[in-house]
There are 2 protein chains.
Amino acid sequence: MIEARHLRVLRAVATTGSFSAAGRELGCTQPAVSQQMKALEASVGTPLLVRAGREMRLTQAGEALVRHASGILAGLTAAEEEVAAIAGLRAGRVRLVSFPSGSSTLVPTALAALRAAHPGTRVSLEEAEPPRSVELLREGDCDLALAFRYEGAAVAEDWDDLVVRPLLADRLVALVPERHRLARAESVAIGELAQEPWIAGCPRCRGQLVQVCEGAGFTPRIDFATDDYPAVVGLVGAGLGVAVLPQLAVESVRPRGARVVRLEPEVRRQIVALTLPDLAQVPTVAATLEQLARAARGVGRS
Amino acid sequence: MIEARHLRVLRAVATTGSFSAAGRELGCTQPAVSQQMKALEASVGTPLLVRAGREMRLTQAGEALVRHASGILAGLTAAEEEVAAIAGLRAGRVRLVSFPSGSSTLVPTALAALRAAHPGTRVSLEEAEPPRSVELLREGDCDLALAFRYEGAAVAEDWDDLVVRPLLADRLVALVPERHRLARAESVAIGELAQEPWIAGCPRCRGQLVQVCEGAGFTPRIDFATDDYPAVVGLVGAGLGVAVLPQLAVESVRPRGARVVRLEPEVRRQIVALTLPDLAQVPTVAATLEQLARAARGVGRS
DNA sequence: GCCGCCCCCAAGAAGCGCTTATGCTCGATC
DNA sequence: GATCGAGCATAAGCGCTTCTTGGGGGCGGC
C-alpha cells in the first residue's frame, strides 16, 4: 500500500533533487526523508531513485510514481478543502424542521443571522411537528428539529436519546373578542371561560387545552379547530369564541377585533431544538442551533 | 493530512454500513475501524459519521470525503499497478549502450531472450565505447553499458564506483591472408608479424596492439586503421596486411581470403557489462544483465 | 589539500496502531 | 416484558513504525 505521505516526500525529492532539501521543505530531517524513501521503495519492490554522484535521479518507476503523485495529492487536497469548508462554515447545509407556524419569529431571525455570519451555508426548512419531526431526525432526513412541549404535559415524549436544547419558555395567553366582558381584564383564569365556545389550535395544542381545562374542572366546548393561528385570531375577532394561544403565535398576527389577556395561573410551553448527539457536533448544525438560541434570547428580551 | 488508509476504511464503512462489517471486509477488528474513523474525524475536525440507532450514516462532510475517495484510491491503485508492472518486468525500458560492432553476437542473443521472457520490456540500443559509455552511465543517459578491457592494459579505467560484471573473456587472434606463410600455422607469436604491414582496428584496440607489439620488441607499421571489423577482414583477405582481432569480432564475419591463426602467448580482452550500483537493482536492468551473462555463457560454450 | 555539503548507518526514544477484553445500548425474539 | 444477539465504545497492553540525534564516508568546490 502506497502512502500519500510517501508520495509527498518523493515529489519533494524529485523537485528539489536532494534528500536534505526535501527534508527542509517538508520540515523534517534528512534521515527521515531517506528512511521514507527506503520504505517506499521496499513497498513497491523496485528502486525509485538512483544516487549518481551528487545528484538524485528518478528511475522509470520513480517517474511513474511522481507522475501519478500530483493527481493523487491534488485529490487529497481537494477533499481536505471541501471538508475544511464544511468544518469552517464556509459551506454545508442544514436540514431544519420546525412545527407549523410556530417559528414565525424564531426561525427567520436565526436564519438571517446565520446567513450573515456564514454566507456559504445553506438551510432547508420543512414543516412538521413531533412526533413526525423526531422521526425525521432519527431516520436521518433532517438535522435539527424545532419542537415544543407543554410543561407538565400528561405524556412526556421520549427524547432521552436526543439533544434537547430549550430555547424559549412561551406562555399561553387567552384571546377574547374585544367586546367580551373579560376583554379589559388584567388577567383571566381559565375557569372563567368555562362556558365560552372555544376555538382550538392544532391537535396537540387542543389536547393540551383539554387537559388544562379539565384540570380547572370543565370540558371546553370546541366549536372550531384549526392549526392556522391567524385563522384562530380571526375567528375570535369575529366574536365566535375564545381561544388560548401561545404568546409567540399571537405576536406575529395582528389581533383584529380580539384582545389578548394574560392567563392565570401561568401555563407555559417550552420551545426546544432537537437533534441527535452526533449531529450536534456538526459545525453547521451547531451554528444553526446557536443562532436559534440567540434569536430566542432576543425574543425573550423584547 | 488525510491518509489514504483512512479513506479506504471510510469507504468500507459507508458501503457496508457498519464498523464490524467494514472490519471483516478489510481484515481487521472492529475497534481498529472505530479508532481509524475517530482519528480521521479528528484530523478533519468535523464528524463524518452519525451513529443513529443501529445504522451508520454519513454526514455531509463524510459524503464529500467518500466522493473524493474513489478517485484518490483509484489513482493510488493505478500508480501501484504501473510500478508493479515495471517491477514485474511486464513493462519498463532499458537504455543499453554497447561498443561498436563488438556485440554483434552478445546483444542480439540477449535481447531476443529478454523479449521472449518479458515481452513488455523495451530496450533502446546505442553505440559508444568507454570512456564515452561510462560518461553516459554516470550522467544518467543510459542504464547499462557493454564495454571491454584488455587484461594487463597500461591504463586501468576507474570503474571503482560501478558494477562491473565480467561477461566473456575474448582472446585475440591473428588474421593473415590465406596465401601468407603463416596461414597454415597452428599458432603464431606476435613477434613473427613484426615486419608485416598492419591493419588496425578502433583507436583503443590500436593502442592495445601497439602496446602488445612493443612488449614483443617492435613497433607495428600500421597501413590502415578502421573500426569496421568486416573491413579489417576484407583488407586482410585482399592481402594488404595482417591484423589482430578479438575472436568474437571475427566470428560474425565470413573471413574471405583470410585465415584465423591462434595468437601465442594468449592475449585476452574481457567483455564486461557496466552499470551503476543502484541501477543494478532495477528489475529491467537486472534482467537485461542476466540475459547478457547467459548469452555470454552460450558464446563461451560454442 | 581543506572545507562544506550530502548521504548512509545505528541507536534510542517517542508515537502510533492493532488486538484482546469488557461494558453498554439497541433491536429482535420468545 | 425478559432474554439474546449484534454492534459500538473504551481501556490496557503490546509490537511496530518513525522520528531524532550523532557519527562516518564520499564527492565537489575553493
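Throughout, a chain's letter reflects where its sequence line sits, starting with A, and its residues are numbered from 1. FYI, side chains are in, hydrogens and waters are out, and symmetry mates aren't considered; it's all heavy atoms of this structure.
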Those residues that, when tested against A/Arg268, pass side chain to side chain contact (heavy atoms under 4.5 Å, CB included) (two or more places apart)
A/Glu151, A/Ala169, A/Arg171, A/Glu266
What's the CG-C1' distance between B/Leu49 and D/dG7, to the nearest Å?
14 Å
Find the distance A/Met37:CE to D/dC19:P and express it as a whole number of Å.
10 Å
D/dT20 C1' sits how many Å from A/Arg24 CZ, rounded?
17 Å
Which residues satisfy the salt bridge (charged side-chain N to carboxylate O under 4.0 Å, His left out) test with B/Glu63, sequence neighbours excluded?
none
Net bend of the helix from C/dG1-D/dC30 to C/dC30-D/dG1, end axes of five pairs each, nearest 10 degrees:
30°
Applying salt bridge (charged side-chain N to carboxylate O under 4.0 Å, His left out) to A/Glu214 and not counting sequence neighbours gives none
The contact string for nucleotides 8-16 of chain C, one letter per nucleotide 5' to 3', using protein heavy atoms under 4.0 Å with B, S and - for base, sugar-phosphate only and none, comes out as BB-------
Is any side-chain nitrogen or oxygen of A/Ser20 closer than 4.0 Å to OP1 or OP2 of C/dC7?
yes
Less than 4.5 Å apart, side chain to side chain, heavy atoms only: is that true for A/Pro283 and B/Pro47?
yes
Once side chain to side chain contact (heavy atoms under 4.5 Å, CB included) is applied, do any residues pair with A/Ala14, and if so which ones, sequence neighbours excluded?
A/Leu58, A/Val66
When rounded to whole Å, the CG to P distance for the pair B/Leu26 and C/dC18 reads 10 Å
Rounded to whole Å, the CD-P distance (A/Glu139 to C/dC26) equals 17 Å
Are OP1 or OP2 of D/dC19 and a side-chain N or O of A/Thr29 less than 4.0 angstrom apart?
no
Suppose the criterion is side-chain hydrogen bond (donor to acceptor under 3.5 Å, both in side chains): which pairs have a residue in residues 24-38 of chain B, not counting sequence neighbours?
none
Under a 4.0 Å N-O cut-off, is there an ion pair linking B/Arg132 with B/Glu135?
yes
In whole angstrom, what separates A/Arg8's CZ from D/dT18's C1'?
17 Å
B/Glu290: partners by side chain to side chain contact (heavy atoms under 4.5 Å, CB included), with sequence neighbours left out
B/Arg165, B/Ala293
Does A/Arg90 have any salt bridge (charged side-chain N to carboxylate O under 4.0 Å, His left out) partners at least two apart in sequence or in another chain, and if so, which?
none
